[in-house]
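Written out below as structure tokens is the structure these notes cover.
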Protein chains: 2
Amino acid sequence: MVTIYDIAKQADVSAMTVSRVINNTGRISEKTREKVRKVMEELNYVPNAMARGLVLQKTGILSLLVTDITNPFYTTVARGAEDAARSLGFKLLLGNSDEDANKEKEYIDMILSTRVDGILITPAGDSSKERLETIVRHGTPFVTIDRDVPGIDCDNVVGDSIGGSRKLIDYLAGLGHRVIALVGGSFDVSTARYRYEGYREALAANDLPYDERLVLQANYRMQDMEAAAEQLLSASSAPTAILAGNNMLALGLLQSFRRRGIDVPGQMSIVTFDDFGHRDLIDPLFTTAVQPAYQFGARGIQLLVDRIEGKSSSSTPQQCMLPNSLVIGSSTGVPRSNGTL
Amino acid sequence: MVTIYDIAKQADVSAMTVSRVINNTGRISEKTREKVRKVMEELNYVPNAMARGLVLQKTGILSLLVTDITNPFYTTVARGAEDAARSLGFKLLLGNSDEDANKEKEYIDMILSTRVDGILITPAGDSSKERLETIVRHGTPFVTIDRDVPGIDCDNVVGDSIGGSRKLIDYLAGLGHRVIALVGGSFDVSTARYRYEGYREALAANDLPYDERLVLQANYRMQDMEAAAEQLLSASSAPTAILAGNNMLALGLLQSFRRRGIDVPGQMSIVTFDDFGHRDLIDPLFTTAVQPAYQFGARGIQLLVDRIEGKSSSSTPQQCMLPNSLVIGSSTGVPRSNGTL
DNA sequence: TTGAAAGCGATACCAC
DNA sequence: GTGGTATCGCTTTCAA
């Protein structure tokens with residue numbers, strides 16, 4: 001491997017001088033600088049980030065850990081984070097925890113071991129607490145996005161889940177729906193809880209009864225969603241509409257209903273959060289509380305860098321809630337009848 | 001930061017012993033091992049990968065650089081790569097070049113600088129040649145996937161673009177289409193060229209005339225696709241079907257046609273490559289030459305690790321072509337009339 | 001304007 | 001079984 005010493009020897013200067021040329025520090029004669037530059041070119045020199053990081057005690061790298069790299073919401077978050085990191089002079093490292101506590105742990109260990117300057121993370125769930133505490137103990141700045149974790153008080157960027165649920169349920173109620181189910185993700189995840197909370201509040205606000213049998217938790221596995229669909233259809237008072245906890249659940253439910261010959265929105269309306277990048281091509285187009293995914297990433301990186309560079313007050317975590325907007329699609333319609341199919 | 005010396009002092013042993021405990025090397029008494037382990041726990045020790053990599057001259061990290069992290073095809077590739085890397089004992093670093101030569105260069109510089117053990121890369125285009133040559137000179141093993149680059153003879157995993165085009169065109173011809181356009185990506189990218197090649201071969205095989213005015217190149221920007229749609233509709237002999245170079249182009253064209261009130265497949269059939277993860281939810285479902293995205297990643301990592309570990313013959317690059325399969329959707333139908341709308 | 005030496009955190013090699 | 005020492009590639013500090 002080519003090192004600064006190779007360059008130094010070839011250019012007949014000291015390693016120190018080479019280092020100065022690379023980093024543009026100190027005073028160097030133009031002649032020497034040119035000579036060194038030329039040798040670096042010739043030898044295809046690429047600085048060793050490890051050696052550099054070791055002495056500088058920083059890497060210039062930020063890490064983004066998301067829970068599902070195949071979810072368009074998170075890839076858009078990644079785009080926002082990447083652009084922001086780049087413009088602030090940092091590189092971005094992407095990781096995928098797959099909603100899995102073990103993978104999350106492995107990734108965090110790797111990240112800490114790599115000594116990145118900061119971490120942007122979507123926690124897999126409440127159990128992420130212990131992993132986040134590891135990060136805290138290690139002293140690496142971090143920001144949570146999309147989800148928060150009880151017991152961890154840190155900078156974070158979240159969406160307005162409660163408000164989103166309210167808007168969606170209000171809209172359904174406005175259409176005349178009176179029996180509305182919730183199929184959400186595991187309550188081990190903060191967004192699922194908040195969306196449930198908004199759901200309950202909105203039901204109350206619209207004078208609709210709450211029925212716990214209409215609240216289902218599903219993982220993102222197809223069989224869960226099939227089961228949820230089945231269960232709702234056979235409920236004694238079957239719902240005419242469903243609030244799906246996120247885009248993936250909405251898709252799964254839609255598929256399940258289609259397979260059972262249930263028309264959406266004819267027989268069942270579906271509303272949800274987040275979109276797919278190409279929302280207008282999915283038929284029906286979901287009525288959605290659209291969150292600013294790109295902003296989640298961009299804002300998160302901004303907070304992270306503020307923290308790294310000490311611009312944030314050290315004691316007060318920055319909490320940032322991004323608003324969503326209701327987009328009406330064709331997955332919703334007036335209920336066919338009151339509570340029965 | 002906690003180092004092995006801190007551990008050593010606290011546990012009243014030498015740094016060497018701590019290192020041995022960490023790496024499970026050499027003979028150590030169970031008592032000492034336990035003592036050291038306990039101190040590591042207490043102090044939340046996380047090994048410094050930089051220091052480690054510096055002396056070991058390897059990192060255990062593989063890098064995957066794709067051109068569009070928001071394209072479901074590539075996120076599935078990433079999934080395959082991640083799983084394979086994990087099972088082979090490597091970590092995976094994800095990067096996104098955004099189809100941009102400059103970003104690609106920056107990423108490669110960072111990757112080389114990080115001294116990853118190997119690189120899996122989807123080249124942005126033929127101009128990637130110089131960047132790949134940089135990697136060659138640097139001596140880091142790499143494998144290209146999805147696309148190949150003229151002048152670079154290396155391990156690679158590609159799809160059967162020519163065969164895919166043939167199948168798609170044959171299918172259209174079988175439905176009775178006689179005027180079929182091609183809207184492909186830039187010919188600076190190998191897949192676009194191969195798909196064009198397959199298109200021409202298939203036209204000839206089906207005794208259909210070739211008309212160069214029906215061959216358009218588009219970037220993945222919406223305005224390009226709008227322009228392409230416009231141009232095809234106003235052509236003297238307008239096509240009744242289109243082979244879209246990839247999934248993104250197919251989507252863009254579909255949207256453009258819809259906006260113009262053109263029914264797909266009623267007035268225009270569309271076929272393409274790759275899918276969207278949730279293919280069956282997009283209406284119409286595209287008739288597609290589906291490529292095994294997950295395998296692209298998994299196979300690529302396999303080749304890469306074989307190369308790293310010296311299992312591949314050093315002189316002969318491993319070339320691997322993965323087959324695609326034709327999936328009939330609802331984006332295709334019989335032509336309305338012969339060549340005119 | 002340039003260079004020598006120390007040290008970042010870890011491991012390999014050689015003693016004991 | 002365990003410890004000392006040199007070393008990986010680079011930057012910082014201090015001299016010249």
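Per chain, numbering begins at 1; letters A, B, ... match sequence-line order.
Rounded to an integer number of Å, the gap from CG of Leu43(B) to P of dG9(C) is 14 Å. Atom CE of Met40(B) and atom P of dG9(C) are 17 Å apart (whole Å). A straight line from CE of Met16(A) to P of dC10(D) spans 12 Å, rounded to a whole angstrom. For the pair Met50(A) CE and dC8(C) C1', the computed distance is 14 Å after rounding to whole Å. The distance from atom CG of Leu54(B) to atom C1' of dT11(D) is 13 Å, rounded to the nearest whole Å. The nearest whole Å value for the distance from the CD1 atom in Ile22(B) to the C1' atom in dA12(C) is 15 Å. Taking atom CG of Asn23(B) as the reference point, atom P of dA12(C) lies 7 Å away to the nearest angstrom. Rounded to whole Å, the distance from NZ on Lys58(A) to C1' on dC8(C) is 14 Å.
Of all nucleotides listed (dG9(D), dT2(D), dT11(C)), dT11(C) comes nearest to the side chain of Val55(B). Side-chain proximity of Ile4(B) to dG1(D), dT12(D), dA10(C): nearest is dA10(C). The side chain of Arg20(B) has dT2(D) as its nearest neighbour among dT2(D), dT11(C), dA10(C). With distances taken from any side-chain atom of Leu56(B) to the nucleotides dG4(D), dT11(C), dG3(C), the minimum falls on dT11(C). Of the candidate nucleotides dT2(C), dA12(C), dA10(C), dA10(C) has the atom lying nearest to any side-chain atom of Thr3(B). The listed nucleotides are dG9(C), dA5(C), dT2(D); the one nearest the side chain of Thr17(B) is dT2(D).
Between the side chain of Thr59(A) and the backbone N or O of Arg115(A) there is at least one donor-acceptor pair closer than 3.5 Å. In this structure, the side chain of Ser190(A) engages the main chain of Asp148(A) through a donor-acceptor pair within 3.5 Å.
Taking for each of Val13(A) and Arg52(B) the nucleotide of DNA chain C with the nearest heavy atom, the 5'-most of the two is the partner of Val13(A). If you find the closest nucleotide of DNA chain C to Val46(B) and to Arg27(A), the one lying nearer the 5' end belongs to Arg27(A).
With ring centers used as reference points, Phe73(A) lies under 6.0 Å from Phe296(A).
Side-chain N/O atoms of Asn48(B) include none lying less than 4.0 angstrom from OP1 or OP2 on dC8(C). When the side-chain nitrogen and oxygen atoms of Gln57(A) are compared with OP1 and OP2 of dT11(D), none of them lie within a distance under 4.0 Å. The shortest distance between the side-chain N/O atoms of Ser29(B) and the OP1/OP2 oxygens of dT2(D) is below 4.0 Å. At dC10(D), one or more side-chain N or O atoms of Tyr45(A) fall inside 4.0 Å of OP1 or OP2 (strictly under the cut-off). Side-chain N/O atoms of Ser19(B) include one lying less than 4.0 angstrom from OP1 or OP2 on dT11(C).
Across Thr75(A) and Thr75(B), no two heavy atoms sit closer than the pair CG2-CG2, 3.8 Å. Shortest non-hydrogen contact noted between Ile28(B) and Thr17(B) is CD1-O, 3.7 Å.
Note on Asp83(B) versus Arg79(B): no salt bridge recorded, every NZ/NE/NH1/NH2 to OD/OE distance being 4.0 Å or above.
When heavy atoms are screened at a 4.0 angstrom cut-off, Thr25(A) is found touching no nucleic acid atom at all. Ile28(A) comes within 4.0 angstrom of sugar-phosphate atoms only, judged by non-hydrogen atoms across all strands, and of no base.
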